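Below: one structure, written as structure tokens.
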Protein chains: 2
Amino acid sequence: MEKEKIDKKDHILDVAEKVFSEHGFDGASTRMISGEANVNMAMLNYYFGSKEGLFIAVVERKITSFQDILINLGSTGMSPWDKIEQYIEIYGDKVVNNNCFQKLLYRELGITRRTELSDKLRSILMINVGELTKILDEGVRLGQFSADIDVAMVMATLYGTKNYIINTPLMASTMLGFDVQDDKMMEEKLKPRIKIYMKRLLKAYLMTDNDNTK
Amino acid sequence: MEKEKIDKKDHILDVAEKVFSEHGFDGASTRMISGEANVNMAMLNYYFGSKEGLFIAVVERKITSFQDILINLGSTGMSPWDKIEQYIEIYGDKVVNNNCFQKLLYRELGITRRTELSDKLRSILMINVGELTKILDEGVRLGQFSADIDVAMVMATLYGTKNYIINTPLMASTMLGFDVQDDKMMEEKLKPRIKIYMKRLLKAYLMTDNDNTK
DNA sequence: CTATATCAATCAATCGCTTGATTAATTTTG
DNA sequence: CAAAATTAATCAAGCGATTGATTGATATAG
């Protein structure tokens with residue numbers, strides 16, 4: 001029973017994650033979620049207290065899977081650039097596998113209100129940001145990266161490029177020429193392409209001397 | 001009177017654009033909009049038919065201002081790279097001035113349903129995409145850009161980097177070290193920084209030979 | 001020049017419906 | 001039996017939308 005309870009809660013969270021990511025927090029109704037999960041509507045409140053509680057539970061379940069990805073990366077003996085490549089590898093995989101969560105994460109992060117929730121979401125993402133900053137700064141300090149790189153903007157590019165593809169799949173599919181929402185395509189075509197591209201893009205930017213002729 | 005009528009509709013559209021971008025389509029209520037615009041709720045339906053009609057009106061009002069930005073760019077005698085630089089200049093300005101619209105545009109574009117609306121939004125954006133593709137292809141053809149660039153991904157980077165900053169201002173502000181939502185900061189610091197960064201980033205990627213050692 | 005008719009604009013009131021949440025009763029479990 | 005889990009029924013609140021009445025300006029008619 002204890003096991004079943006957990007499984008049931010987990011099942012609800014799976015469904016909620018999907019519905020939230022498809023319709024947004026406001027667009028998704030508790031009836032939608034309970035209906036799709038085949039549970040009574042009252043169970044959502046019974047387990048999670050409220051709709052917002054359910055949403056937070058969805059988010060918090062993912063935290064751990066994101067927290068410890070990059071912690072160890074900083075302490076290895078790799079060169080800064082190798083760390084970046086490794087980061088892109090890990091990040092590329094994570095993105096594809098959790099794209100539905102990523103979508104919901106960044107959509108709600110854009111909403112102006114909901115400060116309590118936004119703070120929680122932001123703190124999760126900031127872990128990755130901080131780790132990446134350290135790597136980039138180290139690269140500059142060691143003279144392996146160009147001295148005048150814009151660290152903050154590099155991260156905006158890394159996260160932004162991924163978000164653009166994940167969050168506006170209809171645009172991305174038209175541009176790329178295949179359906180980025182299709183799981184098979186995603187795994188076989190999108191994932192490697194993102195990785196190759198991001199590596200080349202960052203390598204060119206980080207390791208090219210930018211003469212300031214202007 | 002005729003003038004006042006137009007101004008009133010325009011005023012409603014201004015308010016609606018702001019409220020929609022802050023709360024999303026579902027999160028914004030017609031009462032919110034009519035209240036903030038100081039008009040009777042029924043006026044929204046009287047003028048625009050429905051909530052969705054109002055939303056579409058907000059979007060369509062912007063179309064023209066986006067359509068003809070880049071049309072002429074393709075037909076000038078400039079080199080592909082100069083066109084790209086010019087594109088970044090124009091795009092950078094547009095972004096800052098219409099960031100609230102951009103936000104609402106991409107948020108709703110991410111929603112899976114709403115096909116009618118998404119199609120309209122997508123068609124607007126595709127105009128820019130097509131123009132930029134032509135420029136990049138031309139650069140490759142003329143041998144000024146590296147032959148193995150990923151055109152689609154370059155565009156995802158261009159649009160995605162901007163979107164990341166605009167759509168997740170709380171993240172971007174933390175990373176950049178100043179409030180990207182502040183109009184003054186936006187104009188004086190963000191705008192030039194985006195332009196400089198994007199030019200360097202694209203220049204490095206487009207004009208660096210990418211050896212495929214792997 | 002009045003008087004009448006027409007029309008877009010505006011309003012308060014209210015419609016039917018959905019929302020998130022709660023209740024009280026029932027079933028399941030240990 | 002007692003506790004936990006589950007259910008159907010119900011709640012007030014808020015939603016988008018519609019209604020019928022009213023306004024004031026303009027056009028028409030006598």
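All values derive from a computational prediction rather than experimental measurement. Numbered from 1 within each chain, the chains take letters A, B, ... in sequence-line order.
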Are [X] and [N] close enough that a side-chain N or O sits under 4.0 Å from OP1 or OP2?
X	N	result
B:Lys9	C:dA9	no
B:Lys8	C:dT10	yes
A:Tyr46	D:dA5	yes

Exercise. Rounded to whole angstrom units, what separation is found between the CZ atom of A:Phe48 and the C1' atom of D:dT6?
Worked result: 15 Å

For this session: Let me know the distance between CG of A:Asp7 and C1' of D:dT6, rounded to the nearest Å.
Result: 17 Å

Exercise. Name the one of B:Lys134, B:Met78, B:Glu131 that satisfies side chain to side chain contact (heavy atoms under 4.5 Å, CB included) with B:Lys83?
Worked result: B:Met78

Problem set entry | Contact letters for nucleotides 18-24 of chain C, in which S counts primed atoms plus P, OP1 and OP2 and B counts the base, heavy atoms under 4.0 Å | -BBBB--

Exercise. Do B:Tyr205 and B:Thr157 have a side chain donor and acceptor closer than 3.5 Å?
Worked result: no

Exercise. Between A:Asp150 and B:Arg200, does at least one N-O distance fall below 4.0 Å, as a salt bridge requires?
Worked result: no

Exercise. What about the rings of B:Phe55 and B:Phe48, do their centers lie closer together than 6.0 Å?
Worked result: no

Exercise. Is it true that A:Tyr91 and A:Tyr159 have ring centroids separated by less than 6.0 Å?
Worked result: yes

Problem set entry | Non-hydrogen atoms of B:Leu104 and B:Glu17 that approach each other most closely | CD2-O, 3.9 Å

